[in-house]
Amino acid sequence: MGSLILCHDRHAAHSYEITRIHCRIFTIEELCYYLCNNLYLIDYTIMNTQLCDWLDEELGMDRLASDLRDVLRLHGSVEKFVLTILKASKIYREPEMIRIQNVLEHLKNQKDIERQKYKGDNLLESGEVEEAILVYQAILNQEKDESVDEKFYGKIYAGLGAAYGRLFLYQEAARMYDRAYQICQDKALIKPYLYASYKYMSLEEYHILITKQDDYMEINAQMRREIDEIRKNMPEETDPDLIEKWKRQHRRNHA
């Protein structure tokens, strides 16, 4: 969540219950906190006259309540409803509001499961790796959604592969990348799969692996050329540990 810049002193005598998560809130800050931390899961259930009445009667935010009633009357979008609340609260700075608006725009018309994946992808990109893993695993653990194709789930496994790789859990990463490749048949997944396998297998095991398919041999040769190029471009006095760190970062960026 972004930086708070203003606190409201009004505290509701009676709470409002967010039905989707059965959570009771008493302030506009709590409402905004919920909205900003659940952008990927917000749906039409947040749009209702009861929330408008609560803002009006309990927090004295009659102007906001009126604007929200207009959104409801005109059958406005969930995104507009949420942004109206956040803007009126004056809690978030402009850069954070722009980010929130961009996320909502991206999520517009997406299915719930696609929103969950987008959340996982963003957590992974921002370095919140453990949180991303939990989101991906939650998708795989729930009942299969027939509204998305099989490759969607392949991309979930690829996300898990990248996440485990960033935690240096190479065996788990290899297993996820292999599963992703079996589903998607995307050759771009072979490279991170082989790299993760190389990092945890013995040399003998890895040699057996790459001889199983011509594609494996070809991509392994490409990886060796890249590593040789890295070494060639490094100064001779460079610390070997620094080279290894550089290589790891290079692999993560290409995972």
Side-chain angles (χ1 to χ4, degrees), residues 40 102-103 105-230 244 246-255:
Y40 307 94
N102 289 340
V103 170
E105 185 62 29
H106 182 91
L107 295 173
K108 193 175 182 180
N109 302 322
Q110 283 195 341
K111 305 178 181 69
D112 274 355
I113 193 167
E114 292 172 325
R115 289 172 173 239
Q116 292 175 58
K117 179 183 180 297
Y118 184 65
K119 178 180 182 179
D121 293 343
N122 275 268
L123 287 168
L124 181 60
E125 185 178 342
S126 65
E128 298 176 75
V129 182
E130 291 86 354
E131 290 81 357
I133 289 174
L134 291 175
V135 172
Y136 290 139
Q137 288 177 336
I139 295 173
L140 295 175
N141 289 336
Q142 65 192 25
E143 186 177 351
K144 190 172 182 180
D145 191 325
E146 299 296 339
S147 69
V148 295
D149 62 24
E150 190 68 19
K151 288 186 177 181
F152 175 87
Y153 286 96
K155 292 174 183 177
I156 300 296
Y157 282 111
L160 275 172
Y164 285 130
R166 293 188 186 188
L167 295 176
F168 309 111
L169 300 173
Y170 293 113
Q171 187 167 3
E172 291 87 345
R175 188 162 57 88
M176 293 299 103
Y177 277 125
D178 184 43
R179 187 71 180 274
Y181 177 69
Q182 298 306 319
I183 295 172
C184 298
Q185 293 297 304
D186 182 355
K187 289 187 177 181
L189 295 167
I190 296 177
K191 185 176 180 181
Y193 165 63
L194 290 182
Y195 181 73
S197 299
Y198 170 77
K199 294 299 290 184
Y200 85 87
M201 286 181 171
S202 68
L203 289 177
E204 181 180 357
E205 289 173 326
Y206 183 71
H207 178 71
I208 293 172
L209 172 66
I210 62 174
T211 56
K212 287 182 177 180
Q213 291 189 32
D214 290 342
D215 286 340
Y216 289 2
M217 294 287 287
E218 179 183 341
I219 292 172
N220 178 68
Q222 177 189 341
M223 289 167 56
R224 290 183 64 87
R225 288 194 296 270
E226 290 179 358
I227 291 173
D228 289 342
E229 189 67 23
I230 292 169
E244 182 60 25
W246 194 97
K247 284 160 55 180
R248 287 176 180 172
Q249 183 63 45
H250 176 76
R251 293 306 177 192
R252 288 201 296 273
N253 290 340
H254 286 78

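Numbering starts at 1 and runs along the sequence shown. What you see is a predicted model, and the numbers here were worked out from it, not measured in a lab.
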Of all the heavy-atom pairs spanning [X] and [Y], show the shortest one and how long it is.
X: Tyr193; Y: Ala174; value: CD1-O, 3.2 Å
X: Leu194; Y: Met223; value: CB-SD, 4.0 Å
X: Tyr153; Y: Asp145; value: OH-N, 2.7 Å
X: Lys212; Y: Ile208; value: CG-O, 3.4 Å
X: Ile133; Y: Ala163; value: CG1-CB, 3.5 Å
X: Gly161; Y: Ala173; value: O-CB, 3.4 Å

Nearest 0.5 Å, what's the [atom1]-[atom2] distance between [X] and [Y]?
X: Glu146; Y: Ile113; atom1: CD; atom2: CD1; answer: 10.0 Å
X: Glu172; Y: Tyr164; atom1: CD; atom2: OH; answer: 6.5 Å
X: Tyr198; Y: Tyr170; atom1: OH; atom2: OH; answer: 11.0 Å
X: Leu189; Y: Tyr181; atom1: CG; atom2: OH; answer: 8.5 Å
X: Lys119; Y: Leu134; atom1: NZ; atom2: CG; answer: 9.5 Å

Whether over 12 other heavy atoms sit under 6.0 Å from [X] [atom1]:
X: Asp149; atom1: CG; answer: yes
X: Gln185; atom1: CD; answer: yes
X: Gln137; atom1: CD; answer: yes

Examine the side chains of [X] and [Y] and answer whether a donor and an acceptor come within less than 3.5 Å of each other.
X: Glu204; Y: Ser202; value: no
X: Asn220; Y: Tyr206; value: yes
X: Gln182; Y: Asp178; value: yes

Do [X] and [Y] come within less than 4.5 Å of each other through their side chains, counting heavy atoms only?
X: Leu160; Y: Leu140; answer: yes
X: Tyr177; Y: Ile190; answer: no
X: Gln222; Y: Glu226; answer: yes
X: Gln116; Y: Gln142; answer: yes

Is [X] salt-bridged to [Y], cutoff N-O under 4.0 Å?
X: Glu229; Y: Arg224; answer: no
X: Asp215; Y: Lys187; answer: yes
X: Asp121; Y: Lys117; answer: yes

Between Ile183 and Lys155, is the side-chain contact (heavy atoms from CB on, under 4.5 Å) condition met? List the steps.
CA-CA 9 Å; Ile183 295 172; Lys155 292 174 183 177; over 6 Å; no
- [ ] Go through Tyr118 and Tyr40 one step at a time and tell me if the side-chain contact (heavy atoms from CB on, under 4.5 Å) criterion holds.
- [x] CA-CA 8 Å; Tyr118 184 65; Tyr40 307 94; 3.4 Å; yes
Closer than 3.5 angstrom, by distance alone: can the side chain of [X] be matched with the main-chain N or O of [Y] as a donor-acceptor pair?
X: Glu114; Y: Lys111; answer: yes
X: Arg166; Y: Leu124; answer: yes
X: Tyr216; Y: Lys191; answer: no

